[in-house]
Number of protein chains: 2
Amino acid sequence: MIAVLGALSVEPMTGYAVRENIRDVLGHFWSESVGQIYPTLADLERQGLVRRQHGARPGSSMFAITPEGHEHLKELLGEPIQQAPPRNGLLLRLFFGSTLGPDACRALLEQARADARQRLAGFQALRAAITAEDNPDQLPYSLITISAGEHSARGVIAWADESLAALDAAAPEAPAALDATAPPE
Amino acid sequence: MIAVLGALSVEPMTGYAVRENIRDVLGHFWSESVGQIYPTLADLERQGLVRRQHGARPGSSMFAITPEGHEHLKELLGEPIQQAPPRNGLLLRLFFGSTLGPDACRALLEQARADARQRLAGFQALRAAITAEDNPDQLPYSLITISAGEHSARGVIAWADESLAALDAAAPEAPAALDATAPPE
DNA sequence: ATCGACATGTAAGTCGTTACATGATTAG
DNA sequence: CTAATCATGTAACGACTTACATGTCGAT
């Protein structure tokens, strides 16, 4: 709802383009499925918050936000954030690490770290792209969201490093053990 | 499912206790609602993964995990993690910061930082508690999940600090401006 | 005797995803 | 000509939450 109206607040576009914009621009912190977008658009039209005009091709529509829609967007943005109940499948598995086994835990942490590194690289590319493309009004806010992603990714990397070290200390599972330090006993 | 079976893998307990354990022990990264727990328990019983015995009072049941249940838990823990589509209401609002207004953005960031500080304090208390209570097998894995929370909270604090500074630089909204540095012009 | 914690369940409803159905247009 | 992309929608299903309904037990 906010995302759809927000996309249209930038410029008029088709529902398909709304979907692409949400995926490509907001994708790292928000998502809407197809099944959400068209009904939402129909709702917004019914409420007079967007106007539907003929698209470039037969059967397609250009949606444009109305002044009331812009008003409504402001209200929506001011509404309290309701956060989803936490549900972190990685931490759930790691919590039961003694059942899962230390090796599988190490693998999970390494995977999480690799994913975070990739995301971090993506954010750095994205930062460069939007610094070139965004208008000066939007740029600081885009940068804030990218910065959030970067901080989060760096946090995951540091956490995974630390946790892998902790696992090595707790369960010496011979992680490349061919060095000069004498094994215990 | 994993959470319920995992709770019962520690010791037999009532459904009510399962709920409390999930809330109190896994609460910072996982949650199950009442409406999930009892049907899940009934499912697990039907599949022979838990056994129901008479509870201490009439009408109450003690649930205990069976060997097959323990096997199944291992399998579940090994299954790929499916992560929920991202949906961060805070970042969504901040992204549309030029519509929302700089002051409201500042307020959101300050709130997020305050929340993160509180979570961080909670984690530090929790760390002390479980270090005293947990058995040595479980402790490292509990610490890993707490550490994840701490890293995340510290990340949010650093990000909020940075972003507040960025907003001050981009939109000099007179944030406590009574100091010796001359205002521009 | 009454209040809060313990205890188990169900029903209704919300939210959201996935898959399907359909068709136009454009690039190779 | 044909594959990919553009474009719009719906239907079925699944996941989950909230509220309700019911009853026991222990402490004050």
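Every chain is numbered from 1, with letters handed out A, B, ... down the list of sequences.
Rounded to whole Å, the distance from CD on Glu20(A) to C1' on dA4(D) is 13 Å. Taking atom CD of residue Gln83(B) and atom P of nucleotide dA15(D), one finds them 17 Å apart after rounding to whole Å. Taking atom CD on Gln36(B) and atom C1' on dA15(D), their separation rounds to 7 Å, with Å as the unit. One interatomic measurement links the two molecules: NE2 of His54(A) to C1' of dA7(D), which rounds to 16 Å at whole-angstrom precision. In this entry the distance linking CD1 of Ile37(B) with P of dC16(D) reads 12 Å, nearest Å. Note: CZ (Arg87(B)) to P (dA15(D)) measures 16 Å, nearest angstrom.
With Glu71(B) contributing its side chain and Leu49(B) its backbone, the two residues share no donor-acceptor pair below 3.5 Å. Using a distance-only test at 3.5 Å, with no hydrogens or angles considered, no donor-acceptor pair links the side chain of Trp159(A) to the main chain of Arg113(A).
At dA7(D), none of the side-chain N or O atoms of Ser60(A) fall inside 4.0 Å of OP1 or OP2 (strictly under the cut-off).
At a threshold of 4.0 angstrom between heavy atoms, the contacts of Gln82(B) with the nucleic acid are absent. Gly35(A) comes within 4.0 angstrom of a base, heavy atoms only. Residue Ser33(A) is in base contact, counting any heavy-atom pair closer than 4.0 Å across all strands shown. Residue Arg19(B) is out of contact with every strand shown, counting any heavy-atom pair closer than 4.0 Å.
Across all non-hydrogen atoms, the minimal contact from Tyr141(A) to Leu167(B) is CE2-CD2, 3.7 Å. Closest approach of Glu79(A) and Arg93(B) over heavy atoms only: O-NE, 3.2 Å.
Side-chain atoms of Asp137(B) and Ser98(A) form no donor-acceptor pair, as typed in the model, at a separation below 3.5 Å. Donor-acceptor pairing under 3.5 Å is lacking for the side chains of His72(A) and Gln47(A). With no hydrogens or angles considered, no side-chain donor-acceptor pair links Gln36(A) and Thr40(A) at under 3.5 Å.
Remark: Gln118(B) CD is loosely packed, at most 12 non-hydrogen atoms of other residues, nucleotides or ligands lying under 6.0 Å away.
Contact of the Arg119(A) side chain with the Ser152(A) side chain is registered, since non-hydrogen atoms from C-beta on lie closer than 4.5 Å.
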Tabulate atom names and distances for all N/O pairs under 3.5 angstrom spanning the protein and nucleotides 21-28 of chain D.
residue: dT24(D); atom: O2; partner: Arg57(B); partner atom: NH1; Å: 2.9
residue: dC25(D); atom: O4'; partner: Arg57(B); partner atom: NH1; Å: 3.4

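Bounding nucleotides for the chain A contact on DNA chain C, 5' to 3', at a heavy-atom distance below 4.0 Å, are dG16(C) to dT25(C).
Mapping Ser61(B) and Pro85(B) onto DNA chain C by nearest heavy atom places Ser61(B) closer to the 5' end of the strand.
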